[in-house]
Structures are given as C-alpha cells and as structure tokens.
Amino acid sequence: MTQLDSERYYAQIAASTAAIAAVVDGADLTTPIPTCPEWTLRQLATHVGRAQRWAATIVSTRSPEFIPFRSVPDGKLPDDPAAHAAWLAAGAEQLSAAVREAGQDQVWANGGLAPAPYWARRMCHETVVHAADAMLAGGRPVSIDADVAADGIDEWLTVLTVPEGTEPDPRAAALPAGRSLHVHATDEGLAGAGEWLLRHEPDGVRVDRAHGKGDVAVTGPADRLLLVLLRRAPADDPALTVHGDASVLAGWLAATSF
C-alpha cells in the first residue's frame with residue numbers, strides 16, 4: 001500500500017487537532033473519555049499536544065535515540081481556556097514544520113531509525129484517533145475520510161501491532177494458529193488499497209495487503225473499520241458486515257488495543 005502524501009498528513013493533523021480544540025472549547029475538562037477510561041478531556045488534549053511536540057523535538061534534533069515524553073518543553077495544556085486552541089494548533093504546526101525541514105533524514109522511530117516523515121504518518125493517526133475519542137465523549141458524530149482511515153488501518157495492522165525486535169509477538173495470541181482474518185474497506189476510490197488478510201502460519205503472523213478468504217471477514221466503510229479495530233466502536237457496528245467465525249474477530253479485538 002502506498003502511503004499518503006506528507007502534505008495530506010499535515011493537513012489531517014491540523015484538521016484533527018482543530019476538531020479536538022472545538023470539543024475542548026468551553027467544555028468541562030473533567031469530562032471522562034469513555035474510549036480512554038483512564039483519561040479526562042484535559043488529559044486527552046494534553047496528551048495530543050505533548051505528543052506532537054515530542055515528535056517535533058525528535059525530528060528537529062534528528063535524535064537517534066528515544067527522548068523522554070515528559071521532558072518536552074511546553075507540554076502542558078494551559079490553565080487559561082482562551083489559550084487552549086492556540087496551544088493545540090501550535091503543536092500541530094511545530095510537528096509539520098519539523099518534518100518538512102528534515103526531509104528524509106533518519107530519526108528515532110519506536111525502537112529503530114526511520115526517515116522523518118514516519119512521524120507525519122504516526123502523528124496523523126494518533127491525532128485522528130484521539131479526535132474521535134474527544135468527539136465521542138462530546139456526543140459528536142465521527143467521520144474520517146476514507147483514504148486517511150484506510151491508511152490508519154494499514155499502519156495499525158502492519159506497523160503498530162508488529163512487535164519490536166525480538167519481543168514476543170502479541171498477535172500470536174490475538175489470532176490463533178491456523179486462523180485468518182480478512183479486513184475489507186468497501187469505500188469507492190481506494191484503488192485496491194482497502195484490503196488486508198491476516199494469517200497465523202507456522203512461522204508467525206503474516207499480513208498481506210490483498211483480497212483473500214479468511215475464517216472471518218469484516219467489511220464496511222474504512223472509517224468504521226478503523227474505529228472497530230482500535231476499539232472505539234463495537235464489533236457489531238451496524239455499518240459493518242461480519243462473515244464467518246465472529247469469534248476470531250472478537251479474539252483479535254480483545255488482544256489488540258491502541
């Protein structure tokens with residue numbers, strides 16, 4: 001699957017950050033986030049703003065090593081409500097500017113090194129998902145463009161759920177040996193970039209970006225699939241159709257969390 005253009009990531013980061021700011025504006029910041037039960041709205045907004053500044057610091061310093069998350073300057077949502085939107089927007093702008101300036105320079109990226117645009121993609125989907133969290137907490141409808149949602153599914157299935165280095169593969173428990181899961185985004189315009197087949201083979205869990213028959217298949221709009229896979233919506237979401245052994249999907253969801 002071809003990743004989105006970096007400018008598409010930058011635009012989505014800005015839009016998702018603005019969506020969070022719109023929920024935060026005038027809201028009770030102690031409001032709990034049902035999809036992140038350990039967080040309040042203040043903690044969610046702080047996390048997003050700090051995460052964007054953290055990634056921007058990694059990129060702007062060309063750090064080859066992990067930087068402690070809480071060491072990043074200006075990593076706290078201001079006390080003044082009038083400053084919330086500007087603080088959130090500034091984090092998004094810092095990140096996009098840092099990645100643009102870095103080009104293809106190598107930086108630390110979750111256990112290894114990767115070209116700086118890794119962080120445009122990673123922070124795009126981090127912000128998209130937490131914008132959904134904020135909107136769900138605020139009782140607002142969630143809609144994610146199909147190309148962004150499909151790319152988010154791809155990152156989740158082929159990057160974020162994959163273990164680092166020699167760590168045990170958590171997917172081995174999520175998808176029992178010999179079983180398979182097919183994920184199919186049905187939106188028009190994805191040009192074949194909306195299907196994934198996960199199989200637990202003798203040598204481990206394999207993910208192919210392709211059509212194929214699984215023990216269970218879940219199909220529907222990419223944005224609803226993304227929300228279900230990241231456990232922001234239930235597996236029986238009415239926008240989706242599940243064919244085959246639903247227990248395989250349930251097991252995958254139970255053992256994989258964002």
Exercise. Can the ring centroids of His211 and His182 be said to lie less than 6.0 angstrom from one another?
Worked result: yes

For this session: Determine yes or no for a side-chain-to-main-chain donor-acceptor pair under 3.5 angstrom, with Thr31 supplying the side chain and Asp28 the backbone.
Result: yes

Exercise. Do Glu101 and Ser60 get their side chains close enough for a donor-acceptor pair, meaning under 3.5 Å?
Worked result: no

Exercise. Have Asp74 and Trp87 got a donor and an acceptor in their side chains that come within less than 3.5 Å?
Worked result: yes

Exercise. Within the distance-only criterion (no hydrogens, no angle test), does the side chain of Arg231 pair as donor or acceptor with the backbone N or O of Leu253 below 3.5 angstrom?
Worked result: yes

Exercise. Taking only residues two or more places apart in sequence or in another chain, which ones pass side-chain hydrogen bond (donor to acceptor under 3.5 Å, both in side chains) with Gln12?
Worked result: Ser16

Problem set entry | Asp187 with Arg224: basic N within carboxylate O range, under 4.0 Å | no

Problem set entry | Test salt bridge (charged side-chain N to carboxylate O under 4.0 Å, His left out) applied to Glu195 and Arg209, step by step | CA-CA 6 Å; Glu195 294 195 69; Arg209 299 179 179 99; over 6 Å; no

Exercise. Do the side-chain N and O atoms of His84 and Asp25 include a donor-acceptor pair separated by under 3.5 angstrom?
Worked result: no

Exercise. Hey, quick one: are Val162 and Leu229 part of the same hydrophobic cluster, counting side-chain heavy atoms closer than 4.5 Å, chains of contacts allowed?
Worked result: no

Exercise. Under the salt bridge (charged side-chain N to carboxylate O under 4.0 Å, His left out) criterion, do Asp208 and Arg199 qualify, and how do the steps go?
Worked result: CA-CA 8 Å; Asp208 292 313; Arg199 294 176 288 184; 2.5 Å; yes

Exercise. Should Leu190 and Leu4 be regarded as members of a common hydrophobic cluster, given that ILVMFWY residues are connected when their side-chain heavy atoms come within less than 4.5 Å of each other, either directly or indirectly?
Worked result: no

Exercise. What about Trp196 and Trp156, are their ring centers closer than 6.0 Å?
Worked result: no

For this session: Heavy atoms only: give me the nearest Leu95-Ala55 pair and the separation to one decimal.
Result: CD1-CB, 3.7 Å

For this session: Indicate yes or no for a side-chain donor-acceptor contact from Arg62 to the backbone of Ile58 under 3.5 Å, with no hydrogens or angles considered.
Result: no

Seminar exercise, completed: Ala185 and Ala222 have their tightest heavy-atom pair at CB-CB, 3.8 Å

Exercise. Above 12 or not: heavy atoms from other molecules or residues under 6.0 Å from CD of Glu201?
Worked result: yes

For this session: Answer yes if the side chains of His47 and Gln43 hold a donor-acceptor pair under 3.5 Å, and no otherwise.
Result: no

Exercise. How long is the gap from CG on Asp215 to CZ on Arg179, to the nearest 0.5 Å?
Worked result: 4.0 Å

Problem set entry | Check: Ala239 main-chain N/O paired with Asp237 side-chain donor or acceptor under 3.5 Å | yes

For this session: Determine, using the 4.5 Å side-chain heavy-atom cutoff (strictly less than), whether Leu157 and Leu197 are members of one ILVMFWY cluster.
Result: no

For this session: Using the salt bridge (charged side-chain N to carboxylate O under 4.0 Å, His left out) rule, take Arg232 and Asp223 through it: C-alpha gap first, then chi angles, then the decisive distance, then the call.
Result: CA-CA 11 Å; Arg232 267 58 185 179; Asp223 63 345; over 6 Å; no

Seminar exercise, completed: To the nearest 0.5 Å, atom CZ of Arg42 lies from atom NZ of Lys76 at 7.5 Å

For this session: Mind running side-chain contact (heavy atoms from CB on, under 4.5 Å) on Leu29 and Leu77 for me, showing each step along the way?
Result: CA-CA 11 Å; Leu29 296 184; Leu77 186 73; 4.0 Å; yes

Exercise. Heavy-atom distance under 4.5 Å between the side chains of Leu160 and Arg122, does that happen here?
Worked result: yes

Exercise. Side chains of Thr17 and Gln52: do they bring a donor and an acceptor to under 3.5 Å?
Worked result: yes

For this session: Walk me through it: do Leu240 and Leu225 pass the test side-chain contact (heavy atoms from CB on, under 4.5 Å)?
Result: CA-CA 7 Å; Leu240 304 184; Leu225 285 171; 3.8 Å; yes

Exercise. So, the side chain of Arg50 versus the backbone of Gly75: is there a donor-acceptor pair under 3.5 Å, distance only?
Worked result: yes

Problem set entry | Criterion side-chain contact (heavy atoms from CB on, under 4.5 Å) on Thr57 and Ser63, from CA distance to verdict | CA-CA 8 Å; Thr57 301; Ser63 178; over 6 Å; no

Exercise. Do you know the tightest heavy-atom contact between Pro115 and Gln104?
Worked result: CB-OE1, 3.3 Å

Exercise. Would the number of heavy atoms belonging to other residues, nucleotides or ligands and lying under 6.0 Å from CD of Glu188 be above 12?
Worked result: no

Exercise. In Å, rounded to the nearest 0.5 Å, how long is the span from CD of Glu155 to SG of Cys124?
Worked result: 8.5 Å

Exercise. Transitively linked via ILVMFWY side-chain contacts under 4.5 Å: Leu113 with Trp119?
Worked result: no

For this session: Please find out if less than 6.0 Å separates the ring center of His125 from that of Phe258.
Result: no

